[in-house]
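Proteins come first, then strands; the chains are lettered A, B, ... in the order of their sequence lines, and each starts at number 1. Heavy-atom basis, side chains included; hydrogens, waters and symmetry copies ignored.
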Number of protein chains: 2
Amino acid sequence: MKQDSDLETLLGYQMQRAFLTMTEDARRVLEPYGLTPAKLTALLLIRANPGCDQTALGRALSINRSSAMKLVNALVAGGFIERRAGRNLRTNALHLLPHGETQLADLVVALRESDRRMSARLSAAEHATLFALLGKLGPARTRRTPHEPA
Amino acid sequence: MKQDSDLETLLGYQMQRAFLTMTEDARRVLEPYGLTPAKLTALLLIRANPGCDQTALGRALSINRSSAMKLVNALVAGGFIERRAGRNLRTNALHLLPHGETQLADLVVALRESDRRMSARLSAAEHATLFALLGKLGPARTRRTPHEPA
DNA sequence: TATTGTTATACTCTATAACTATA
DNA sequence: TATAGTTATAGAGTATAACAATA
């Protein structure tokens, strides 16, 4: 199967291929824990924001309340987190359980190893450059300050 | 919502964020054509390999025969391609239709513009560096030649 | 009125399994 | 036997719409 020359020169396509390569290894690491990249991200956000509610978590993950519900249900069922009483009667507070904390610590180590494996052909300087350039992707900022007239 | 420091320093996570940023814009460009990134990739592969069969297409896209079937059905329904008689009676040959060719030409232009928009904060040299570094991601090659003993 | 959690439902993309025709 | 296409079915992950309880 021949490759297409247009496809190969599109940055978006190159990004996708690289992303799939990375994510494939990460998924393999996460699988024994019963987690996916999205679930891991949720756990790390809950760890950084103990007591947050489901809706806020959903916003941070760019999914809606209903999807956040299913995600939280899965994390509760997996014994990673629990719902506690929240700031008022209609919100609940999400907290890591001890089991979740230890699993998470192990996983971060394993994922750093995965990163290292998948960037093994890059020097430390190249790794840093790649990281920085990825952070610069996205639409250009129009108007640096909110009060600029034109 | 606070970010997690582990999360922010993982290359895989940085990749995902950058990829989602890129892909969001690309999807917006593709939507009026009734296409997704996967369908566009399929069309470009069919263009580069006229007369290929569904199974080969599926392999190139890392999806199985059944999923390739649905993808091809959608492309046929959209008037982009057609199934013609293949090399033998159990394979069919996929070919772009004129409509597909013209749409594809327009789309490649629009996607290059999307790439440019999303990498607007990168210099030409940085763009080239990013492209090259992305290509170096992936597991290290063990054994350069197939016959090396250790 | 607006918001949070919840449930029901549906859509997309993927996979597995089984069947048919052909090689 | 093995392979290509096809169909049926199922499992993630997402979304919308509606409802109850609470703010």
Scan A:R83, A:R59, A:R65 and name whichever one has a side chain to side chain donor-acceptor pair (under 3.5 Å) with A:Q54.
A:R83
Separation of C:dT22 P from B:R90 CZ (nearest whole Å)
11 Å
Spacing of A:N73 atom CG relative to C:dT6 atom C1', expressed in whole Å:
9 Å
Start and end of the DNA chain D segment that chain B contacts, any atom under 4.0 Å from a heavy atom:
D:dA2 to D:dA8
In terms of heavy-atom contacts, B:L104 and B:L44 come closest through CG-CD2, 3.8 Å
Distance (rounded to the nearest 0.5 Å) between B:T36 OG1 and B:E31 CD
11.0 Å
Verify, without hydrogens or angle tests, whether A:N88 (side chain) and A:T91 (backbone) share a donor-acceptor contact under 3.5 angstrom.
yes
Donor-acceptor pair, A:R121 side chain versus B:L137 backbone, under 3.5 Å?
yes
DNA chain D: 5'-proximal contact among B:T91 and A:S62 (nearest heavy atom)
B:T91
For the backbone of A:L11 and the side chain of B:D115, can you confirm whether one donor and one acceptor N or O come within less than 3.5 Å of each other?
yes
Hey, any chance A:L94 and B:M1 share a hydrophobic cluster, counting ILVMFWY side chains that come within less than 4.5 Å of each other, even indirectly?
yes
Interatomic distance, A:Q54 CD vs C:dG5 P [rounded to whole Å]
5 Å
Under 3.5 Å donor-acceptor, B:N73 side chain and B:V76 backbone:
no
Once you measure the plane-to-plane angle for A:H99 and A:F80, does it fall in the parallel (<30°), tilted (30-60°) or perpendicular (>60°) bin?
tilted
Residues in contact with DNA chain C, drawn from residues 63-71 of chain A - heavy-atom cutoff 4.0 Å
A:R65, A:S66, A:M69
Side-chain contact, heavy-atom cut-off 4.5 Å: A:L130 with B:K136?
no
Can a side-chain donor-acceptor contact be found between B:R112 and A:T9 if the only test is distance below 3.5 angstrom?
yes
Residues touching DNA chain D, which here means a heavy atom under 4.0 Å, drawn from residues 17-49 of chain A:
A:T36, A:K39
Would you classify B:R83 as touching base, sugar-phosphate or nothing, given that sugar-phosphate means primed atoms plus P, OP1 and OP2, and contacts are heavy atoms under 4.0 Å?
sugar-phosphate
